[in-house]
There are 2 protein chains.
Amino acid sequence: MRKDALRNRQRVLEAADAMFREHGVEVSVGEIADAAGVGRGTLFRNFKNKDALIAAVLGERLGEVLDYGRQLLVEDPDDAEVTFTFVTGLVERQEENRALLQTVTDELFMSVPELQGAHAALLELLGALLARGKRVGAIRPEATATDLMMLVKGLCMYSSTDQQPLAAETIMRHLDLVRAAMTMPEYSRPLRGAPVPLPV
Amino acid sequence: MRKDALRNRQRVLEAADAMFREHGVEVSVGEIADAAGVGRGTLFRNFKNKDALIAAVLGERLGEVLDYGRQLLVEDPDDAEVTFTFVTGLVERQEENRALLQTVTDELFMSVPELQGAHAALLELLGALLARGKRVGAIRPEATATDLMMLVKGLCMYSSTDQQPLAAETIMRHLDLVRAAMTMPEYSRPLRGAPVPLPV
DNA sequence: CACTAAGCGGACCATAGGGTCCGGTTGTGT
DNA sequence: ACACAACCGGACCCTATGGTCCGCTTAGTG
């Protein structure tokens, strides 16, 4: 591959990542190409179609998330909090990257193998994190990775769909709700921060 | 208004309602007009634009939901379960009407005054339901209507975004998670049903 | 330096969706 | 029965988007 070609590919990846972060995967390829300073032709020569570009960018981002979670599992084998440490990190990343969890559980993208794999891996990781919490009696024994996934996805979708992004304070509060749903009562905690103000 | 005009308006409303139920508000006005057996011109003569049609249909559906909730408030002034009775009903309706909660908290539709009002009314209703639960010590005192809204919206979005609609069993399970998040520990209950199977 | 294949990018295409328009039709009061 | 306003509906327009194509440019090698 020629040097300039590689450089352009890189530029597209970076531009796509930036645009996805800010606007979600709905941004048009045209805008991405413009941001990258290349023509549409160049973009599509490097990525078969938009889905392939999404898979390339988000696959990597999700990979980082998975690494983070696996790292947590290794670091402290008896941390009852590990699930919520991870989920908090996940939500924080989602907060500065609208696209991060868009591809997970979305009919459109479940057909892209690379993302399907990331989804499965994420569920597996959540399962492992929960298992740790269950061992020390922090997590309800019947709770599953899918249960947690639903709550987290819901939280993320809710906050990124809203007009203006929710305050970090509100997100922390919502995380406390997730915690209350998943933990044994004595591991619950009071809700932090203020509720979202009524719009208008 | 001429008789045939009125009849056509009605047909459009019914067709739109049916299409929204099944496909969500994303269906094209063309499909709605076809289903109603009228031309696009007729549709747009009766409703200024697509948003107006959505507001007309969903406004009515949301009104029914509000009536249901207010009815519950009147019927038994000491029912600790009233919040979850309502939310279960809400989720059941959403299950057979993809569009029901789409308009709530969606940037696109928060600008339509009629739906904005319905949103505010829904939050107010949830607040009243929760207040009842708090009085008898069933609901966490710091929990707010917005907290519940987030959980319910998340649950609904999660289930209607998925490839195939989730099993009713799974939705009941998720409702138990919502309950766990909102209630005092002794009002929680074990999760019903089986978790969602891993896709592929 | 010159040649050539790899690479470039923007003009172009097809599709889809919301919304408008107008020539023809039809309900309805007289 | 007639006239005419109200009404109809589909052809049409405009915009946006994903994706293709091809004449021009340029990296890089002999």
Side-chain angles (χ1 to χ4, degrees), chain A residues 1-20 22-58 98-99 102-103 106-112 114-115, chain B residues 1-20 22-58 98-99 102-103 106-112 114-115:
Chain A
M1 186 184 253
R2 247 163 64 172
K3 199 171 52 180
D4 55 340
L6 194 69
R7 191 197 58 206
N8 275 333
R9 183 191 168 86
Q10 215 51 39
R11 279 190 188 167
V12 170
L13 277 171
E14 281 160 25
D17 188 44
M19 297 299 268
F20 288 158
E22 190 169 357
H23 307 289
V25 295
E26 294 85 3
V27 279
S28 67
V29 288
E31 284 176 282
I32 294 170
D34 290 352
V38 304
R40 287 156 179 57
T42 301
L43 189 153
F44 282 111
R45 205 171 318 105
N46 280 287
F47 303 94
K48 188 167 113 277
N49 52 33
K50 192 183 178 182
D51 282 2
L53 177 57
I54 291 172
V57 173
L58 271 296
R98 270 181 109 91
Q102 265 188 311
T103 53
D106 242 45
E107 39 189 320
L108 181 59
F109 304 106
M110 285 304 286
S111 50
V112 181
E114 189 169 355
L115 295 176
Chain B
M1 184 183 254
R2 249 163 64 172
K3 199 170 54 179
D4 55 340
L6 194 69
R7 192 198 56 205
N8 275 336
R9 183 191 168 84
Q10 216 50 41
R11 278 189 190 168
V12 169
L13 277 172
E14 282 161 24
D17 188 44
M19 296 300 268
F20 289 158
E22 191 169 357
H23 307 289
V25 296
E26 294 86 2
V27 279
S28 67
V29 288
E31 284 176 281
I32 294 172
D34 290 352
V38 305
R40 288 159 179 54
T42 301
L43 190 153
F44 281 111
R45 206 170 318 105
N46 281 286
F47 303 93
K48 189 169 112 277
N49 51 33
K50 191 183 178 182
D51 282 3
L53 177 57
I54 291 173
V57 173
L58 271 295
R98 272 180 108 91
Q102 265 189 311
T103 53
D106 242 45
E107 41 189 320
L108 182 57
F109 303 107
M110 286 304 286
S111 49
V112 181
E114 190 168 356
L115 295 176

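First the proteins, then the strands, lettered A, B, ... as listed; each starts at 1. On a predicted model such as this, the values are computed, not experimentally measured, just so you know.
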| remark: DNA chain D nearest-nucleotide lookup for A:E31 and A:G41: closer to the 5′ end is A:E31
| field | B:L43 CG to D:dC7 C1', straight-line distance once rounded to whole Å | value | 15 Å
| message | So B:L13 and B:F47, do their side chains get closer than 4.5 Å, heavy atoms only? | response | yes
| Which nucleotide, D:dT20, D:dC8, C:dT20, lies nearest any side-chain atom of B:R40? | C:dT20
| query | Quick one: does A:M1's side chain get under 4.5 Å of A:N46's, heavy atoms only? | reply | yes
| task | Can you check whether any acceptor in the base of D:dG9 is under 3.5 Å from a donor in the side chain of B:R45, or vice versa? | result | yes
| For B:R7 and C:dT28, what is the distance between atoms CZ and C1' respectively, to the nearest whole Å? | 15 Å
| Separation of C:dT28 C1' from B:K3 NZ (nearest whole Å) | 10 Å
| request: State whether A:K50 places a side-chain N or O below 4.0 Å from either non-bridging phosphate oxygen (OP1 or OP2) of D:dG18. | output: yes
| request: Could you walk me through whether B:R45 and B:V12 pass the side-chain contact (heavy atoms from CB on, under 4.5 Å) test, one step at a time? | output: CA-CA 11 Å; B:R45 206 170 318 105; B:V12 169; over 6 Å; no
| task | Confirm from the modelled atom types if B:R2 and C:dT28 form a donor-acceptor pair under 3.5 Å, side chain to base only. | result | no
| field | Between C1' of D:dT17 and CG of A:D34, the distance in whole Å | value | 13 Å
| request: Measure from CE on A:M1 to C1' on C:dG7 and round the result to the nearest Å. | output: 10 Å
| request: Ignoring backbone atoms, establish whether A:N8 has a side-chain N or O less than 4.0 Å from OP1 or OP2 of C:dC8. | output: yes
| Separation of C:dG17 C1' from B:L53 CG (nearest whole Å) | 15 Å
| said: Side chain of B:T42, heavy atoms from C-beta onward: which of D:dG9, C:dG18, D:dC7 has the nearest atom to it? | reply: D:dG9
| Integer-rounded Å distance: D:dC8 P and B:R11 CZ | 10 Å
| Length of the CG-C1' vector between A:D51 and D:dG19, whole Å | 12 Å
| For B:F44 and A:G37, take the nucleotide of DNA chain C holding the closest heavy atom to each; which residue's nucleotide lies nearer the 5' end? | A:G37
| message | Minimum heavy-atom separation for B:M19 and B:E31, please, with both atom names. | response | CE-CB, 3.8 Å
| A:A99 versus A:V25, closest heavy-atom pair with distance | CB-CG1, 3.8 Å
